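What follows is a short report on a single structure.
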Amino acid sequence: MPIIQSLDRALNILDLFDEYTTELKITEISNRMDLHKSTVHSLLKTLQLHGYIEQDEETGKYRLGMRLLEKGQLLLQRLDIRSLARKHLAAFTDHTGQTTHLVILDGKEGVYIDKVEGEKAAIRYSRIGRRVPLHSSAVGKALVAFRKQEEIELLLKDYSYVVQTSLTIRDKETFLTELSRIQSQGYAVDDQENEPGVRCAAAPIYDHNGQVAAAMSVSTLLSAVDDSQFLQLIELLLQETKTISKLMGYRP
């Protein structure tokens, strides 16, 4: 099917914005899109008309509009696993003080669909809707490891092993070895592979078909949680993911 160029360009404009780039001038958008300002102006006005883009009256800069939040909320409401898991994430965080996340697979990345931040929060960059790599995060590893081999091979085809820290896995062979270890122990660990000083653990959540529906993780500061305490957190995590899986209709 042919691609509608104007729609493709409008969507690419929306993709320019993220947590680091919250506002842009029209000249910046024009340069990044390699399009004439008049073309960009027309696209922005169309997006603005429908509420997907807003313009600051004082600075003239553009930012994402509230319509995206509305649509995002509709999507989150469809994710039943989020409502089922929410109280378990909250209970885990209340009990341990550590931050918990719920992540699903989208393409070749994980996406945070829920987060409960604890008083001992290890990381603050995570947010609902943010994407996370498969090879360098505990949740990413857990989302991949417990799938069928053909699914794993498909996910890793042309996968890019972006280096996050000096401890990040950098090739397929090493990643496959890591996935095998995860399958044996039942959970995944990211030991400063995604962020220095931060260690995370994650376990899969299964649906009624026995498929991996999501992964739940706990994030800790290496300086605040020793190996023994970390193992205790993992045991609690496995209990919670087992309970959530049962609520999803999973019967091993």
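Given the structure is predicted, the values throughout are model-derived calculations rather than measurements.
No salt bridge links K172 with E178; every basic N to acidic carboxylate O contact stays at or beyond 4.0 Å. A salt bridge does not link K148 to E151: none of the charged side-chain nitrogens sits closer than 4.0 Å to a carboxylate oxygen.
A cation-pi geometry, defined here as NZ or CZ lying under 6.0 Å from the six-membered ring centre and within 45° of its normal, holds between R199 and F230.
Between the side chain of T99 and the backbone N or O of G118 there is at least one donor-acceptor pair closer than 3.5 Å. Judged by distance alone, the side chain of R181 and the main-chain N or O of T177 form no donor-acceptor pair under 3.5 Å. Between the N209 side chain and the Q211 main chain, no donor and acceptor come within less than 3.5 Å of each other. Between the side chain of K108 and the backbone N or O of L155 there is at least one donor-acceptor pair closer than 3.5 Å. In this structure, D106 contributes its side chain and G110 its backbone to no donor-acceptor pair below 3.5 Å. The main-chain N or O of H135 is found under 3.5 Å from a side-chain atom of Y159 such that the two form a donor-acceptor pair. Within the 3.5 Å criterion, the main-chain N or O of I4 finds no donor-acceptor partner in the side chain of D8. In terms of modelled atom types and a separation under 3.5 Å, the side chain of S217 and the main chain of V139 share no donor-acceptor contact. A donor-acceptor pair under 3.5 Å links the side-chain atoms of R82 to the main chain of I113, judged by distance alone.
Annotation for K246: atom NZ does not count as buried by contact number, only 12 or fewer foreign heavy atoms lying within 6.0 Å.
Looking only at side-chain heavy atoms (C-beta outward), L102 and K115 stay at 4.5 Å or farther from each other. Taking the side chain as every heavy atom from C-beta outward, F92 and L233 approach each other to under 4.5 Å. Contact check for F146 versus L179: no side-chain heavy atoms found under the 4.5 Å cut-off.
Applying the side chain to side chain donor-acceptor pair (under 3.5 Å) rule to S136 yields the partners N194; only residues at least two apart in sequence or on another chain are considered. Residues meeting the side-chain contact (heavy atoms from CB on, under 4.5 Å) test with T46, sequence neighbours left out: H50.
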Distance-only donor-acceptor hits, side chain of residues 163-170, under 3.5 Å, sequence neighbours excluded:
from	atom 1	to	atom 2	distance (Å)
T165	OG1	L167	N	3.1
T165	OG1	Q192	O	2.7
T168	OG1	Q164	N	3.1
T168	OG1	T165	N	2.8
T168	OG1	T165	O	3.1
T168	OG1	E193	O	2.7

Side-chain donor-acceptor distances from residues 234-241 under 3.5 Å, at least two apart:
from	atom 1	to	atom 2	distance (Å)
E240	OE1	H88	ND1	3.0
T241	OG1	L237	O	3.1
T241	OG1	L238	O	3.1

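Every pair passing side-chain hydrogen bond (donor to acceptor under 3.5 Å, both in side chains) that includes a residue from residues 22-37 is listed here, sequence neighbours excluded: E23-R63, H36-S38. Listed by first and then second residue, the ring-ring contact (aromatic ring centres under 6.0 Å, His included) pairs involving residues 196-216 are Y206-Y250 (not counting sequence neighbours).
Across A142 and A215, no two heavy atoms sit closer than the pair CB-CB, 4.0 Å.
Under the 4.5 Å side-chain contact rule for hydrophobic residues, L64 and Y112 do not share a cluster. Cluster membership for I128 and L68, using ILVMFWY side-chain heavy atoms within less than 4.5 angstrom, is not shared. Under the 4.5 Å side-chain heavy-atom criterion for ILVMFWY residues, a single connected hydrophobic cluster contains both L11 and L44. Both L247 and L89 sit in one connected hydrophobic cluster of ILVMFWY residues. Membership requires side-chain heavy atoms under 4.5 Å apart, directly or through other members.
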